[in-house]
Amino acid sequence: MPFGIGAHPAFSTQLQVGDEYDDYVVEITGQKSRRFLPLNAEGLFDLDKATEKDLFEINVSRETFSNDAIVFCNDGAPVEVVLKSKKHNHQVKMTSDDTLALGIWSCYPKDGQYVCLEPWWSIADTADTTQDFRKKYGIKTLAPNETFNASFKIAIE
């Protein structure tokens, strides 16, 4: 059975009374650099335009998400992502040992007061998709009676 899986947990950018959306940053630790997976105008991943980035701190603002999600290829490596305030010590930490990709997303242009830290073990369609789900980039396959285990942890401080 071919399958794709990922999580879409959202976290408030109002961890303390008086917090504003722009008061937050997202920090990514782990690998020295990651492959950034850009989305094209149709919302498909364009793997031919993937680039290496050393971006480990992302300022949260409405414009940060104007091109949709920020997605990095994680290639199964451990990752820690922290949504934290620039004004106090409260933060949310998401960790995983084995994700294929990491998505960071918030609604745009709407004014949601949250950021999603998304561990993915597969990704949405790519620009060169054949529409054959079995050949999709990052797809997993299980034989009868096989299992797939994935996990992530969330810590709120």
Side-chain angles (χ1 to χ4, degrees), residues 1-13 21-22 24-84 92-155:
M1 178 181 79
F3 70 97
I5 192 168
H8 184 61
F11 303 100
S12 176
T13 53
Y21 186 77
D22 294 357
Y24 284 79
V25 296
V26 174
E27 290 182 350
I28 306 169
T29 62
Q31 297 167 265
K32 282 187 157 190
S33 67
R34 285 189 172 74
R35 217 166 16 120
F36 170 67
L37 304 178
L39 293 163
N40 68 17
E42 291 80 37
L44 302 172
F45 287 104
D46 194 339
L47 299 180
D48 291 336
K49 293 186 179 171
T51 57
E52 287 290 317
K53 296 220 179 213
D54 291 333
L55 181 63
F56 297 109
E57 184 172 284
I58 300 166
N59 285 307
V60 173
S61 73
R62 295 287 163 226
E63 289 306 308
T64 299
F65 302 101
S66 63
N67 292 321
D68 207 336
I70 299 167
V71 180
F72 293 96
C73 191
N74 201 51
D75 294 323
V79 65
E80 177 180 279
V81 185
V82 180
L83 173 66
K84 65 187 224 176
V92 175
K93 188 182 302 182
M94 189 280 298
T95 57
S96 180
D97 291 333
D98 60 357
T99 60
L100 171 71
L102 168 67
I104 302 164
W105 181 84
S106 189
C107 58
Y108 176 87
K110 296 182 181 176
D111 289 334
Q113 299 298 311
Y114 60 88
V115 173
C116 299
L117 306 176
E118 304 178 352
W120 298 344
W121 290 267
S122 63
I123 64 170
D125 275 341
T126 57
D128 63 352
T129 184
T130 64
Q131 298 297 309
D132 183 344
F133 190 73
R134 295 166 297 170
K135 295 179 181 175
K136 186 175 170 173
Y137 178 82
I139 203 71
K140 305 287 186 223
T141 305
L142 285 178
N145 299 313
E146 235 180 359
T147 59
F148 172 81
N149 293 303
S151 65
F152 63 97
K153 296 177 185 173
I154 297 169

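Just the heavy atoms: all of them, side chains too, but no hydrogens, waters or symmetry mates, feed the values below.
The NZ atom of K136 sits 11.0 Å away from the OG1 atom of T130 when rounded to the nearest 0.5 Å. Distance check, rounded to the nearest 0.5 Å: CD1 of I139 to CG of L100 gives 10.5 Å. Summarising the geometry, atom CG belonging to N74 is positioned 3.5 Å from atom OG1 belonging to T99; distances are rounded to the nearest 0.5 Å. Of the inter-residue distances, the one linking Y24 atom OH with S12 atom OG reads 6.5 Å to the nearest 0.5 angstrom.
Under the 30°/60° scheme for interplanar angles, the aromatic rings of H8 and W105 are found to be tilted.
Shown here for C107 and R62, the closest heavy-atom pair between the two residues is O-NH1, 4.1 Å. Residues A7 and F152 come closest through the heavy atom pair CB-CE2, 3.4 Å. The two residues R35 and A50 come nearest to each other via the heavy atoms CG-CB, 3.9 Å. Taking each heavy atom of F133 and G4 in turn, the nearest pair found is CZ-N, 4.0 Å. Between A101 and V71, the shortest heavy-atom contact is CB-CG1, 4.3 Å. Minimum interatomic distance between L117 and V92 (heavy atoms only, all atoms of both residues): CD1-O, 4.4 Å.
A distance-only check finds no donor-acceptor pair linking the side chain of T95 to the backbone of E80 [under 3.5 Å]. Remark: the backbone N or O of T126 is not paired with any side-chain donor or acceptor of T129 at under 3.5 angstrom. A donor-acceptor pair under 3.5 Å links the side-chain atoms of S106 to the main chain of Y114, judged by distance alone. T141 places no side-chain N or O within 3.5 Å of a backbone atom of P2 that could act as its donor or acceptor partner. With T51 contributing its side chain and F36 its backbone, the two residues share no donor-acceptor pair below 3.5 Å. Here the side chain of T29 pairs no donor or acceptor atom with the backbone of V81 at under 3.5 angstrom.
Within a 6.0 Å radius of CG in N59, more than 12 heavy atoms belonging to other residues, nucleotides or ligands are found.
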Check your understanding: Between F65 and I70, is a side-chain contact (heavy atoms from CB on, under 4.5 Å) present by the stated rule, with each step listed?
Key -> CA-CA 7 Å; F65 302 101; I70 299 167; 4.1 Å; yes

Practice item. Would you sort out whether D98 and W121 count as a side chain to side chain donor-acceptor pair (under 3.5 Å), showing the intermediate values? Key: CA-CA 8 Å; D98 60 357; W121 290 267; 2.9 Å; yes

Review point. Checking side-chain contact (heavy atoms from CB on, under 4.5 Å) for the pair N40/K49: CA distance, chi angles, key distance, verdict?
Key: CA-CA 9 Å; N40 68 17; K49 293 186 179 171; over 6 Å; no

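Ionic pairing of R34 and D75 is not present here: no N-O contact between side-chain nitrogen and carboxylate oxygen is shorter than 4.0 angstrom.
Counting heavy atoms from C-beta outward, L47 and L37 have side chains that approach closer than 4.5 Å. Between T64 and Y21 there is no side-chain heavy-atom pair separated by less than 4.5 Å. With a 4.5 Å cut-off on side-chain heavy atoms, C73 and Y137 count as touching. Here the side chains of P119 and P9 are in contact, with some heavy-atom distance below 4.5 Å. Side-chain contact check for F56 versus I28: some heavy-atom pair is nearer than 4.5 Å. The shortest side-chain heavy-atom distance between D125 and Q131 falls under the 4.5 Å cut-off.
Sorted pairs that involve residues 142-154 and meet salt bridge (Lys or Arg N to Asp or Glu O under 4.0 Å), not counting sequence neighbours, are lacking altogether.
Tested against F11 for a side chain to side chain contact (heavy atoms under 4.5 Å, CB included), the candidates I154, V115, V26 yield a single pass: I154.
F3 pairs by the ring-ring contact (aromatic ring centres under 6.0 Å, His included) definition with F148, not counting sequence neighbours.
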